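Hydrogens, waters and symmetry mates play no part in the numbers below; they use all other heavy atoms, side chains included. Fair warning: this is a prediction, and the values are worked out from it, not measured in the lab.
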Amino acid sequence: RYPGTGQDLVTAGMVEDDIRIEGMKVSFSLIFDKPNSPFIKSVIKAAEKAILTYVSPEVEIEGNIRAKVPEVVPQESLPLLPKVKNTLAIFSGKGGVGKSTVSANLAVALAQEGYKVGRLDADIFGPSQPKMFGCEDARPVLEDVDGHELIAPVERFGVRMLSIGFFVDPDKALLWRGSMASNALSQLIKDGNWGELDYLLIDMPPGTSDIHLTLVQTIGLSGAVVVTTPQEIALIDARKGIDMFLTDKVNVPVLGIVENMSWFTPEELPNNKYYIFGNGGGARLAEELGLPLLGQIPLVQGVCEAGDEGTPVALGENTLLAEYFSELADRVAKQVALRNETLPETKKVIVSKH
């Protein structure tokens, strides 16, 4: 009897019409409904025992019963990011340098320039995007695309967004191993219905980790934008990150450096500059490595308040900060265009197992 139904094999229609008897040798097939049935081996052994018991112990049956299972036709997968023209990693060597704030405002500034922009929050353990865009209560839904269920990004300020923060409790710690975080990132990339985009900005976690390796193994990045602050301790980590992208195994073009918190300007004294984190460290690093300095963004109280309120400062009209991010967006767009004219398409990293 088949354990899954309790029926005997003949009544269940599991005995194929291919019985062959040659002297004492008997062979036939048993039909199973799925290739991963847990009962295949035990049912075949039970059938062999039944024949040896009720027909003759002399029957040559052992090893002559075949399992027939339905052919598994692999579902045709959708091409990865088929309508996304450029994928940019926004990276920092260390935390606390304002990378997420820069990437959020860069995304908004590009959208205001008329580009189609997406933003993926790849900082799995510290997702800040829902808060910065004022959409913490958003819950992405699934939609059917050519027979595939894909995640519909949340859209705000002209930017299409996905973040692990939309799917987890914001007040609970995320206790995941590196492999789980990497799988979550892969799913957001592969299963997101990103549609047609000029730029997909990927807000990376600080440092170099499994997440970074997963990203370069999943897609060929158009380039990386490195965010740092002027002080030397941040520049040390920024150098390591730049080296990671430029190494032969990864080979992702670094489009340039953004120096954040370049100086402090009080709102009541807009013409004053106080270099509380040092002066020009990002500019010196860019010159040292032969990379463009894409922008210097001052530290202004309004940046923090806007992020907490979910309204990025790049939305402001005729404000100094909005102008800084608009200029940054222009420089990034020019660097991407130059990269596409002069360099071949980046290939995703293939890791060989030995």
Starting from the C-alpha separation in whole Å, work towards a yes-or-no answer on ring-ring contact (aromatic ring centres under 6.0 Å, His included) for His212 and Phe245. CA-CA 10 Å; His212 302 78; Phe245 284 114; 7.2 Å; no
Name all pairs fulfilling the salt bridge (Lys or Arg N to Asp or Glu O under 4.0 Å) condition that reach into residues 101-116, sequence neighbours left out, sorted by first residue then second. Lys116-Glu196
In this structure, CE of Met24 is separated from CD1 of Ile61 (nearest 0.5 Å) by 11.0 Å
Quick one: do Phe28 and Arg20 satisfy side-chain contact (heavy atoms from CB on, under 4.5 Å)? Show the steps, please. CA-CA 6 Å; Phe28 60 92; Arg20 295 289 181 269; over 6 Å; no
Does any part of the side chain of Gln217, heavy atoms only, come nearer than 4.5 Å to the side chain of Lys348, both counted from C-beta? no
When you compare the side chains of Arg1 and Gln7, does any donor N or O come within less than 3.5 Å of an acceptor on the partner? no
Output the distance between atom NE2 (His148) and atom CG (Asp191), rounded to the nearest 0.5 Å. 9.5 Å
Ile44 and Ala67: which non-hydrogen atoms are nearest, and at how many Å? CD1-CB, 4.0 Å
May I ask you to decide if Phe133's main-chain N or O and Arg156's side chain share a donor-acceptor pair within less than 3.5 Å? yes
Ile90 versus Ser103, closest heavy-atom pair with distance: CG2-CB, 3.7 Å
Checking side-chain contact (heavy atoms from CB on, under 4.5 Å) for the pair Tyr199/Arg119: CA distance, chi angles, key distance, verdict? CA-CA 8 Å; Tyr199 301 99; Arg119 185 166 181 259; over 6 Å; no
Nearest non-hydrogen partners of Gly295 and Leu328, listed with the distance: N-CD1, 4.4 Å
Heavy-atom distance under 4.5 Å between the side chains of Val117 and Phe157, does that happen here? no
Under 4.5 Å between any side-chain heavy atoms of Ile219 and Leu81, yes or no? yes
If we ignore angles and hydrogens, is there a donor and acceptor under 3.5 Å between the side chains of Arg339 and Ser222? no
Which of Asp243, Ile242, Asp248 passes side-chain contact (heavy atoms from CB on, under 4.5 Å) with Leu246? It is Ile242
Side chains of Asn260 and Thr229: is there a donor and an acceptor less than 3.5 Å apart? no
Stepwise side-chain contact (heavy atoms from CB on, under 4.5 Å) check, Leu338 with Lys334: CA-CA 6 Å; Leu338 179 62; Lys334 288 177 182 176; over 6 Å; no
Looking at CH2 of Trp194 and NZ of Lys83, how far apart are the two atoms once the value is rounded to the nearest 0.5 Å? 15.0 Å
Please examine the side chains of Pro253 and Thr346, heavy atoms only from C-beta on, and report whether any two atoms are closer than 4.5 Å. yes
With heavy-atom distances below 4.5 Å as the criterion, would you say the side chains of Arg331 and Pro292 are in contact? no
Taking all non-hydrogen atoms of both residues, which atom of Leu162 and which atom of Ile151 are closest, and how far apart? CD2-CG2, 3.8 Å
Can you name the closest pair of heavy atoms from Ala111 and Gly158 and give their distance? CB-O, 3.8 Å
Side-chain donor-acceptor contact under 3.5 Å, Ser186 with Asn183: no
When you measure from the side chain of Thr11 to the backbone N and O of Asp8, does any donor-acceptor pair fall under 3.5 Å? no
Taking side-chain contact (heavy atoms from CB on, under 4.5 Å) as the criterion, tell me which of Asn105, Asp330, Leu201, Asp198 meets it with Leu110. Leu201
Closest contact, heavy atoms only, Leu106 versus Ala329: CD1-CA, 3.7 Å
If you look only at distance, which donor and acceptor atoms sit under 3.5 Å apart when one is on a side chain in residues 280-289 and the other is two or more places apart or in another chain?
from	atom 1	to	atom 2	distance (Å)
Arg284	NH1	Asn279	O	2.7
Glu288	OE1	Arg239	NH2	3.0
Glu288	OE2	Arg239	NE	3.3

Any side-chain heavy atom of Leu30 sitting closer than 4.5 Å to one from Val43? yes
Testing the 3.5 Å rule here: is there a donor-acceptor pair between the side chains of Glu143 and Asn193? yes
Nearest 0.5 Å please: distance from the CG atom of Asp203 over to the OG atom of Ser163. 9.0 Å
Salt-bridge criterion met for Lys68 and Asp18 (N-O under 4.0 Å): no
Around atom CD of Glu136, are there more than 12 heavy atoms from other residues, nucleotides or ligands closer than 6.0 Å? yes
For the residue pair Ile164 and Asp121, establish whether any side-chain heavy-atom pair is separated by less than 4.5 Å. no
Examine distances only and state if a side-chain atom of Thr247 and a backbone atom of Met244 form a donor-acceptor pair shorter than 3.5 Å. no
Could you tell me whether a side-chain N or O of Lys34 sits under 3.5 Å from a main-chain N or O of Pro70, the two making a donor and an acceptor? no
Under 3.5 Å, is there a donor-acceptor pair between the side chain of Thr319 and the main chain of Ala322? yes
Quiz question: by atom type and distance under 3.5 Å, do the side chains of Ser56 and Glu58 form a donor-acceptor pair? no
side-chain contact (heavy atoms from CB on, under 4.5 Å) between Ile211 and Met204, worked out: CA-CA 8 Å; Ile211 295 295; Met204 302 298 298; 4.0 Å; yes
More than 12 heavy atoms of other groups within 6.0 Å of Asp144 CG: yes
Any sub-3.5 Å donor-acceptor pair from Gln129's side-chain atoms to Gly165's backbone N or O? no
Do Leu80 and Thr218 have side chains that approach each other closer than 4.5 Å (heavy atoms only, starting at C-beta)? yes
Could I get the full list of side chain to side chain donor-acceptor pair (under 3.5 Å) partners for Tyr274, not counting sequence neighbours? Asn272
